[in-house]
Amino acid sequence: MAVSLAFFSLFSLTLISTHFTTTYGAFTHQSHIKLPSEQHRTEKLTHLHFYYHDIRNDKNPTIVQIIDPPKNVPYGFGSTFVMDDAMTEGPDLSSKHIGRAQGLFGLASLQDLGMFMLTNFAFTDGIYAGSTLSMLGRNPISEQNREMPIVGGTGAFRFATGYAIANSVNSVSTPEHFVVEYNVTLRLP
């Protein structure tokens, strides 16, 4: 009789747990909560165009070398710089200032002039004032058109992803004042 009582108790618990599991399962199927994969997302594309100015002189530098590599490495491998460059609407330094390009870059290739770039574009004027974009990637500086990823942002650019195309503006650049044009395409939620 002890075996049948234990069997009856186990059988009763199984029925009760099956009933609650079935009830809970039915409840979740009736939920009105949508998973991210089921939600309709509206994203917009935003395009930005600006210039930044690397100034490398003794009076007012905006880039400073912080690591000087040994002389026996090719392509200046290991040279690392910190920057705080003016961002402008036009290619001339006298055009309207819209922010600062701040970050690190360095020569990170033993085979060519390939840089790593870690740059924050901090906007200080216009509709994006107070917002930033973060760019992180490889910059093959010997190429004219260089594509780098935008990996995030703040303010108006929160959750932004996209890419930046950098072009050297050789027509106005000098060894002490290097100008880079940026065309940035962003996807914003």
Side-chain angles (χ1 to χ4, degrees), residues 45-126 128 131-157 159-188:
L45 288 180
T46 299
H47 302 280
L48 304 173
H49 179 253
F50 56 87
Y51 297 82
Y52 82 50
H53 304 264
D54 277 337
I55 298 175
R56 193 172 188 180
N57 61 29
D58 294 334
K59 188 175 178 185
N60 294 311
T62 63
I63 64 169
V64 175
Q65 187 169 3
I66 57 175
I67 298 175
D68 191 13
K71 302 294 182 221
N72 64 342
V73 294
Y75 298 103
F77 177 74
S79 297
T80 305
F81 302 81
V82 65
M83 69 179 188
D84 185 3
D85 293 342
M87 291 168 40
T88 60
E89 283 186 347
D92 295 320
L93 188 56
S94 60
S95 64
K96 183 177 180 181
H97 286 237
I98 60 167
R100 306 294 295 184
Q102 301 167 327
L104 293 169
F105 63 92
L107 296 167
S109 177
L110 289 167
Q111 284 77 39
D112 61 7
L113 287 173
M115 267 198 242
F116 74 87
M117 297 283 297
L118 184 142
T119 307
N120 290 306
F121 299 115
F123 293 87
T124 58
D125 191 66
Y128 301 122
S131 299
T132 65
L133 281 175
S134 295
M135 181 178 72
L136 173 66
R138 184 176 194 275
N139 183 351
I141 58 175
S142 60
E143 296 177 17
Q144 179 58 29
N145 296 308
R146 305 175 305 272
E147 181 177 335
M148 290 164 281
I150 299 295
V151 297
T154 64
F157 302 123
F159 296 115
T161 58
Y163 63 94
I165 303 292
N167 293 292
S168 303
V169 185
N170 296 322
S171 60
V172 295
S173 293
T174 68
E176 289 186 346
H177 181 182
F178 190 68
V179 182
V180 182
E181 177 185 27
Y182 275 88
N183 286 288
V184 179
T185 301
L186 303 171
R187 187 178 345 183
L188 299 167

Review point. Should we say atom OH of Y163 is surrounded by more than 12 heavy atoms from elsewhere, each under 6.0 Å from it?
Key: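 At most 12 heavy atoms, drawn from other residues, nucleotides or ligands, come within 6.0 Å of this atom.
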Please check: side-chain N/O of [X] versus main-chain N/O of [Y], any donor-acceptor pairing under 3.5 Å?
{"X": "S131", "Y": "A156", "value": "yes"}
{"X": "S168", "Y": "N170", "value": "no"}
{"X": "T80", "Y": "G78", "value": "yes"}
{"X": "N57", "Y": "K59", "value": "yes"}

**Study point:** Under 3.5 Å side-chain donor-acceptor pair for D92 and S95
**Key:**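 Result is no, nothing qualifies.
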Check your understanding: Does a donor on one side chain and an acceptor on the other come within less than 3.5 Å for H53 and T62?
Key ->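 H53 vs T62: no donor-acceptor pair found between side chains.
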If you look at every heavy atom in [X] and [Y], which pair is closest and at what distance?
{"X": "P69", "Y": "Q65", "result": "CD-NE2, 3.9 Å"}
{"X": "I55", "Y": "D85", "result": "N-OD1, 4.4 Å"}
{"X": "R138", "Y": "G114", "result": "NH2-CA, 3.6 Å"}
{"X": "G137", "Y": "P149", "result": "CA-CD, 4.0 Å"}
{"X": "M135", "Y": "A164", "result": "SD-CB, 3.9 Å"}
{"X": "A101", "Y": "T119", "result": "CB-CG2, 4.1 Å"}

Going from [atom1] on [X] to [atom2] on [Y], what distance comes out if it is rounded to the nearest 0.5 angstrom?
{"X": "N139", "Y": "L118", "atom1": "CG", "atom2": "CG", "value": "12.5 Å"}
{"X": "I98", "Y": "T88", "atom1": "CD1", "atom2": "OG1", "value": "7.0 Å"}
{"X": "M115", "Y": "R146", "atom1": "CE", "atom2": "CZ", "value": "7.0 Å"}
{"X": "E143", "Y": "L113", "atom1": "CD", "atom2": "CG", "value": "11.0 Å"}
{"X": "L186", "Y": "T161", "atom1": "CG", "atom2": "OG1", "value": "8.0 Å"}
{"X": "D125", "Y": "E89", "atom1": "CG", "atom2": "CD", "value": "7.5 Å"}

Practice item. Just do the side chain to side chain contact (heavy atoms under 4.5 Å, CB included) check on F159 and L188 with the steps written out, would you? Key: CA-CA 7 Å; F159 296 115; L188 299 167; over 6 Å; no
Check your understanding: So which of V179, N183, V180 actually passes side-chain contact (heavy atoms from CB on, under 4.5 Å) with N167?
Key ->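 Of the listed residues V179, N183, V180, the side-chain contact (heavy atoms from CB on, under 4.5 Å) partner of N167 is N183.
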Review point. Is the closest side-chain heavy-atom distance between R56 and P175 below 4.5 Å?
Key: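 In short, these two side chains do not touch, never coming nearer than 4.5 Å.
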Check your understanding: Is the closest side-chain heavy-atom distance between F157 and T132 below 4.5 Å?
Key ->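 Heavy-atom side-chain distance check fails, nothing below 4.5 Å.
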**Study point:** Geometric class of the F121/F50 ring pair [parallel <30°, tilted 30-60°, perpendicular >60°]
**Key:**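 If you compare the ring of F50 with that of F121, the planes turn out perpendicular.
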Practice item. Sorted by first residue and then second, give each ring pair (Phe, Tyr, Trp, His ring centres under 6.0 Å) pair with at least one member in residues 74-93; sequence neighbours left out. Key: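 Residue pairs with at least one partner in residues 74-93: F81-F105.
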Tell me, please, which residues at least two apart from [X] pass ring-ring contact (aromatic ring centres under 6.0 Å, His included).
{"X": "F178", "result": "none"}
{"X": "Y51", "result": "H49"}
{"X": "H97", "result": "none"}

Check your understanding: Where do Y52 and M83 land on the side chain to side chain contact (heavy atoms under 4.5 Å, CB included) test, with the steps shown first?
Key -> CA-CA 11 Å; Y52 82 50; M83 69 179 188; 4.2 Å; yes
Practice item. With sequence neighbours left out, write down each residue that passes side-chain hydrogen bond (donor to acceptor under 3.5 Å, both in side chains) with D84, or none if nothing qualifies. Key: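 For D84 the side-chain hydrogen bond (donor to acceptor under 3.5 Å, both in side chains) partners, ignoring immediate neighbours, are R100, Q102.
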Review point. Residues in salt bridge (charged side-chain N to carboxylate O under 4.0 Å, His left out) with R187, at least two apart?
Key: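 Testing R187 for salt bridge (charged side-chain N to carboxylate O under 4.0 Å, His left out), a comparison that skips the adjacent residues, returns E43.
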